[in-house]
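Presented below is the structure to which this report refers.
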Amino acid sequence: VESASVSVSYSDTFSTEVVATVPAVASGAGVSQVVVSSGGSSAAASFQLVTPGLSVSCTSGCVTSLSGNTAATLIVGGFPLDAALSITVGGSAAPITTTQTVAGGAGLVTSVSVTLPAYAPASPAPEHKVWLTVTTITDASVTAAAELTYREVPRVVSTKFDTAGMAVTAAFDQDTNGQGSPNCLSYFLLTDLRAFGTSPHCVWASPAALTITLSSGATAVPGTQVPFIMDTVSSLDTLSGVGTGATLTVLAPDIKQSPSILIQGPNGIGACDSADLSVEGAVGRGATYSWSCFDNSAVHALVSSQTGSAVSFPGSMLSLGVPVTLSATATSFLGAVSAPSTLQVTTKSVPPPVVSMGMDPEPYKKSHGITAFASAKLSACAPPGAESQIVFTWVVSEGSQPKPAGEAVMTASGSSMYIPPDTLKGGVKYHLRCMVVDGAGTAVSVQRVIRVSSAPLVVSLLGGDRLAFRGSTGVTFDASQSYDPDQCSESAAKDGICASTGITFDWECALSSGGQCRSKSGSRAVASFAALSVLSVDLS
């Protein structure tokens, strides 16, 4: 601003506006600051004071790195053409290399070439706006000023696993020159890269984020430090120059994906047999397991000391006909713990085949098929003839309890069963039972209760983005084709032949700056809208 009184306006998120008059400040005072305070909060702005009628503008080389030593061209106006000029940047001298008189918009001006000095910021930031000041050697109070930009080398601000621990993303404080899918050896020495596996893959998810997808053999865990080569990484415009190196400290994700597990094993065994149980599911590398049996202390003492994915105990440890419940949880290397999976095991006097049921891992979805399979192993105590053909029969019923085959959702035979997509409902529990009969007529069943996950609602807002004006009085927003995938297919919802029930609508309005829309009149309250599927809004 020129060295005279000036009006300053201030506004906050509540649209309060204050206009104040700043008193005149003497020429040559340099940078001044105005602070507006209200109710414990404040806003500040810096002003560079200049002399009326004098000007300077930067035409080339106006952005540089912190180390400076680059050339910039300035156009200086209003000073006497023969004046000896002095130029500083951020308080440091910028040596003048050449000056010449050239034609400007309002007469002759001086074109000056300078070498920009280095700049040491008080605190790190992607870029710094620094004042260049032109004065005369004979009168330092006569000034003109312009802003230059000093760009810092990009810095890694965080390195985190994704929720499943399958990838690591290094986030930078600004857009970089990184792009595409470069060779990871551009950023890591081979010995350091092995923390991410034998053949990790690097891709720039955005100019400010490098994602490393882990491969087999990865050893990185939260807290692992990996040296990162910065000699090819610069700001997006490359003007920051490249870095010298950094160390990535890999952190756990903010939200961890819990493992999904299922205990596989027999529900019934003979006293001569052993119950061999194992955990299957999506657990990832380096998982540890915790086993327990809360209704048989001897079995609990045996299995609770195990941390692997499989345990075994003899049927002789169980009382005939008294079921015991085995429970297991898995803990990922990120520290996320699965929900417990349980399985009941019972010993029987007439030893049935040892039957196990396996299934696709959770989550189960309405739109996805599910495969279940059973295996039968003859008991070591089986009577003669039991080794002849074994028959498998499947019954799937809605709810947590078994139902007769006549009330089943579906039945099947054979050692495996495939449940096609859209057979089961979302948000509903189902009882799966496989009955096995051996050649001696001995029967046993294995069962499991699953829950089919509810699919998220699909929101459909007709019309897409559009441009409207403040005076528009009837802007319509139509979300009536939104639907619940557990009730309707996409085509049925769009064709209007299936209407989802129980859906409610909640509308919000936000400004591009992030603030909330407010009513123009009255108390300027946050704008609210009716809970309708089709909304008409008066923008005025």
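Hydrogens, waters and symmetry mates play no part in the numbers below; they use all other heavy atoms, side chains included.
The shortest distance between side-chain heavy atoms of T159 and T249 does not fall below 4.5 Å. Using a 4.5 Å cut-off on side-chain heavy atoms (C-beta onward), L210 and C202 make contact. Taking the side chain as every heavy atom from C-beta outward, L262 and P361 never approach each other to under 4.5 Å.
The CG atom of L54 sits 4.5 Å away from the CZ atom of F79 when rounded to the nearest 0.5 Å. The line from OH of Y187 to CG of L248 is 12.0 Å long, rounded to the nearest 0.5 Å. Between atom NE2 of residue H201 and atom CG of residue N183 there is a gap of 10.5 Å, rounded to the nearest 0.5 Å. Atom OG of residue S341 and atom CD1 of residue I261 lie 5.0 Å apart, to the nearest 0.5 angstrom. Rounded to the nearest 0.5 Å, atoms OG (S113) and CD1 (I96) are 10.0 Å apart. Summarising the geometry, atom OG1 belonging to T101 is positioned 5.0 Å from atom CG belonging to L81; distances are rounded to the nearest 0.5 Å.
Between the side chains of S186 and T232, no donor-acceptor pair is found at a separation under 3.5 Å. Looking at T163 and K256, their side chains never bring a donor and an acceptor atom within 3.5 Å of each other. Under the 3.5 Å distance criterion, with hydrogens and angles disregarded, no donor-acceptor pair is assigned to the side chains of T329 and S338. In this structure, a donor-acceptor pair under 3.5 Å is absent between the side chains of T143 and T133.
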Subject >> side-chain contact (heavy atoms from CB on, under 4.5 Å) evaluation trace for L334 with Q257 >> reply: CA-CA 9 Å; L334 294 176; Q257 179 178 310; over 6 Å; no
Subject >> salt bridge (Lys or Arg N to Asp or Glu O under 4.0 Å) assessment of K366 paired with D486 >> reply: CA-CA 7 Å; K366 173 180 180 288; D486 292 330; 5.8 Å; no
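Classification of the Y119-Y150 ring pair by plane angle, with boundaries at 30° and 60°, yields tilted. Relative ring orientation between F172 and W204 is described as tilted, the plane-to-plane angle lying within the 30° to 60° band.
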